[in-house]
Number of protein chains: 2
Amino acid sequence: MKQRIEDVGEFLKENGIKPSYQRIKIYEYLVKYYNHPTVDMIYRELVPKIPTLSKTTVYNTLNLFIEKKITAIIVIDENETRYDAGTSVHGHFQCNECARIDDIDIDLSKIEIPIPEHYEVSEQHFYFKGKCSNCN
Amino acid sequence: MKQRIEDVGEFLKENGIKPSYQRIKIYEYLVKYYNHPTVDMIYRELVPKIPTLSKTTVYNTLNLFIEKKITAIIVIDENETRYDAGTSVHGHFQCNECARIDDIDIDLSKIEIPIPEHYEVSEQHFYFKGKCSNCN
DNA sequence: ATTGTATTTTGTAACCGTTACAAATATGGT
DNA sequence: ACCATATTTGTAACGGTTACAAAATACAAT
Ligand SMILES: [Mn+2]
Ligand SMILES: [Mn+2]
Ligand SMILES: [Zn+2]
Ligand SMILES: [Zn+2]
């Protein structure tokens, strides 16, 4: 799930994204915390350093990242979308108390789910809800 | 996942829900189609038979069903919540083309996902995306 | 049947996350 | 410096959901 990114600007270029200042800062946020943030979490963290930052830019940028497949959407919460720089298949656990989302390691070879014929699978998602270790 | 319900009114009563006309019709929709509908799908189907039906009632009723645990929320689509009268643990497959959601049988004994200590799991969700057999 | 009370339903407005859009700003080549 | 292009920004709109109060309904007691 987590992957080390040495030079974010270079990494964006390799994935066909012009590394503007905002894009770099947003991607840096994702790989610094790996906390599956909401748009608002990213915005609130960055706006002190980039006072002109617009929430629209955060949305636009994340959608671009998703299009270029360097970011994944996490749909667990009904109300707000979360984003993940980890794009490999892995699981998530959301705490009902503190709402944090943690990664769960998934060994796909240990999972046997027969998808019926003629279904073409492009994404697999596994998630759990409950109480996290901090809230227990 | 699917379960036979003989008498919907009786079933609601058993689960502590007063079986009003609207509630019965909404639950009947869920068990008739088992199609993981949106609120709007339910509303559009029922409003010809119940001309005074309000979308708020559909929301209220589904939230009541969820509270009483006879209906589950399915969060796959980013934009709209879907509802499922099947409350046992099972998987889902959403087609990227036609947006339909099908059930996927899950044999929990064939799935090995070690959740870290001190995590208390209350819900497990498995879903897939891709192209369904109809769209292939 | 009538009254009174609690429950359910309804319609409207508000809420909030997200997107559309056009203007402003920045970038890069000539 | 100038122009063309890409990016960012602010505002308004959009759509699903919820809050809320009024209207309708159900139900028990008289
Ligand atoms: Mn993750
Ligand atoms: Mn289902
Ligand atoms: Zn927690
Ligand atoms: Zn399909």
Side-chain angles (χ1 to χ4, degrees), chain A residues 8-9 12-13 15-29 36-68 70-84 94 99 101, chain B residues 8-9 12-13 15-29 36-68 70-84 94 99 101:
Chain A
V8 168
L12 294 180
K13 253 189 256 177
N15 289 93
I17 297 167
K18 246 184 240 181
S20 74
Y21 184 65
Q22 287 86 341
R23 287 168 178 175
I24 288 174
K25 288 303 171 193
I26 291 169
Y27 196 78
E28 277 178 358
Y29 178 101
H36 316 97
T38 64
V39 162
D40 201 57
M41 287 164 73
I42 299 172
Y43 177 77
R44 286 205 314 273
E45 165 98 1
L46 295 184
V47 75
K49 316 226 172 189
I50 316 170
T52 64
L53 183 64
S54 167
K55 233 175 221 184
T56 301
T57 299
V58 181
Y59 278 106
N60 288 343
T61 301
L62 290 168
N63 286 337
L64 177 65
F65 289 172
I66 288 160
E67 190 190 317
K68 299 297 188 182
I70 63 169
T71 297
I73 294 191
I74 302 182
V75 183
I76 298 182
D77 227 298
E78 291 145 71
N79 313 320
E80 35 186 21
T81 306
R82 286 162 169 272
Y83 299 88
D84 192 347
Q94 180 165 45
I101 295 179
Chain B
V8 167
L12 294 180
K13 253 189 255 177
N15 289 92
I17 297 168
K18 243 185 244 182
S20 73
Y21 185 66
Q22 287 86 340
R23 287 168 178 173
I24 288 174
K25 287 303 173 194
I26 291 169
Y27 196 78
E28 277 179 357
Y29 179 101
H36 315 97
T38 64
V39 163
D40 201 57
M41 288 164 72
I42 299 171
Y43 176 78
R44 286 205 314 274
E45 166 97 2
L46 295 184
V47 74
K49 315 228 170 188
I50 316 169
T52 63
L53 183 64
S54 165
K55 231 174 223 184
T56 301
T57 299
V58 181
Y59 278 106
N60 288 343
T61 301
L62 290 169
N63 286 337
L64 176 65
F65 289 173
I66 288 161
E67 191 190 318
K68 299 297 189 183
I70 63 169
T71 297
I73 293 192
I74 301 182
V75 183
I76 298 181
D77 227 297
E78 291 145 71
N79 312 322
E80 35 186 20
T81 307
R82 286 162 168 272
Y83 300 88
D84 192 348
Q94 179 166 47
I101 295 179

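For clarity, every value in this text was computed on a predicted model and none was experimentally measured. For the numbers below, each heavy atom of this structure counts, side chains included, while hydrogens, waters and symmetry mates do not. Chain identifiers are assigned alphabetically (A, B, ...) following the order of the sequence lines, protein sequences preceding nucleic acid strands; residue numbering begins at 1 within each chain.
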Visitor: Side chain of B:Val39, heavy atoms from C-beta onward: which of D:dT8, D:dT17, C:dT9 has the nearest atom to it?
Guide: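 The nucleotide sitting nearest to the side chain is D:dT17.
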Visitor: What is the separation between atom CG on B:Leu12 and atom C1' on C:dT7, rounded to the nearest whole Å?
Guide: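 Computing the B:Leu12:CG to C:dT7:C1' distance gives 16 Å.
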Visitor: Which whole-number value in Å describes the distance from B:Glu78 CD to D:dG15 C1'?
Guide: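 Distance check: B:Glu78 CD to D:dG15 C1' gives 14 Å.
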Visitor: Roughly how far, to the nearest 0.5 Å, is the CD1 atom of A:Ile70 from the CD1 atom of A:Ile17?
Guide: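 Between A:Ile17 CD1 and A:Ile70 CD1, I get 3.5 Å after rounding to 0.5 Å.
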Visitor: Starting at CG of A:Asn63 and ending at P of D:dT7, how long is that distance when rounded to a whole Å?
Guide: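 Between P of D:dT7 and CG of A:Asn63: 14 Å.
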Visitor: Could you give the side-chain donor-acceptor pairs of residues 44-51 of chain A under 3.5 Å, partners two or more places apart or in another chain?
Guide:
| unit_1 | atom_1 | unit_2 | atom_2 | d |
| --- | --- | --- | --- | --- |
| A:Arg44 | NH1 | A:Asp40 | OD2 | 2.2 |
| A:Glu45 | OE2 | A:Tyr33 | OH | 2.7 |

Visitor: Please set out all donor-acceptor pairs under 3.5 angstrom arising from side-chain atoms of residues 18-25 of chain A, sequence neighbours excluded.
Guide:
| unit_1 | atom_1 | unit_2 | atom_2 | d |
| --- | --- | --- | --- | --- |
| A:Ser20 | OG | A:Arg23 | N | 3.2 |
| A:Arg23 | NH1 | A:Lys18 | O | 3.0 |
| A:Lys25 | NZ | A:Glu28 | OE1 | 3.4 |

Visitor: A:Phe65 CZ to D:dT7 P: how many Å, rounded?
Guide: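 A:Phe65 atom CZ is separated from D:dT7 atom P by 12 Å.
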Visitor: Could you state the atom-to-atom distance from CD1 of B:Ile42 to C1' of D:dG16 in whole Å?
Guide: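 So the CD1-C1' distance, B:Ile42 to D:dG16, works out to 14 Å.
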Visitor: By the side-chain hydrogen bond (donor to acceptor under 3.5 Å, both in side chains) test, which pairs, at least two apart or in different chains, include something from residues 57-68 of chain B?
Guide: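 Matches after skipping sequence neighbours: none remain.
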Visitor: Tell me: CZ of B:Arg82 to C1' of D:dT17, nearest whole Å?
Guide: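 Distance, rounded to whole Å: 16 Å.
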Visitor: Nearest whole Å is fine: how far is C:dT18 C1' from A:Ile73 CD1?
Guide: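 Between C1' of C:dT18 and CD1 of A:Ile73: 11 Å.
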Visitor: Would you check if B:Leu12 and B:Phe65 make a side-chain contact, meaning some heavy-atom pair closer than 4.5 Å?
Guide: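 A side-chain contact exists here, since the closest heavy-atom pair is under 4.5 Å.
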Visitor: Base contacts versus sugar-phosphate-only contacts with protein, heavy atoms under 4.0 Å: please encode nucleotides 10-17 of chain C as B, S and - from 5' to 3'.
Guide: BBB----S
Visitor: If every non-hydrogen atom of A:Tyr43 is compared with every non-hydrogen atom of A:Ser54, which pair is closest and at what distance?
Guide: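 Distance-wise, the nearest heavy atoms are CE1-C, 4.0 Å.
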Visitor: Restricting both atoms to N or O, compile the protein contacts to nucleotides 23-26 of chain D shorter than 3.5 Å, with distance only.
Guide:
none

Visitor: Looking at residues at least two apart in the chain, or sitting in another chain, which of them share a salt bridge (Lys or Arg N to Asp or Glu O under 4.0 Å) with A:Asp77?
Guide: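 Per chain and number, A:Asp77 pairs via salt bridge (Lys or Arg N to Asp or Glu O under 4.0 Å) with no residue.
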Visitor: Is any side-chain heavy atom of A:Ile74 closer than 4.5 Å to one of A:Tyr83?
Guide: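 Side-chain contact under 4.5 Å: no.
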Visitor: Without decimals, in angstroms, what is the distance between A:Tyr83 OH and C:dT18 C1'?
Guide: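 To the nearest whole Å, that distance equals 8 Å.
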Visitor: Are B:Tyr27 and B:Thr71 packed together at the side-chain level, in the sense that at least one heavy-atom pair is separated by less than 4.5 angstrom?
Guide: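 Yes, their side chains come closer than 4.5 Å.
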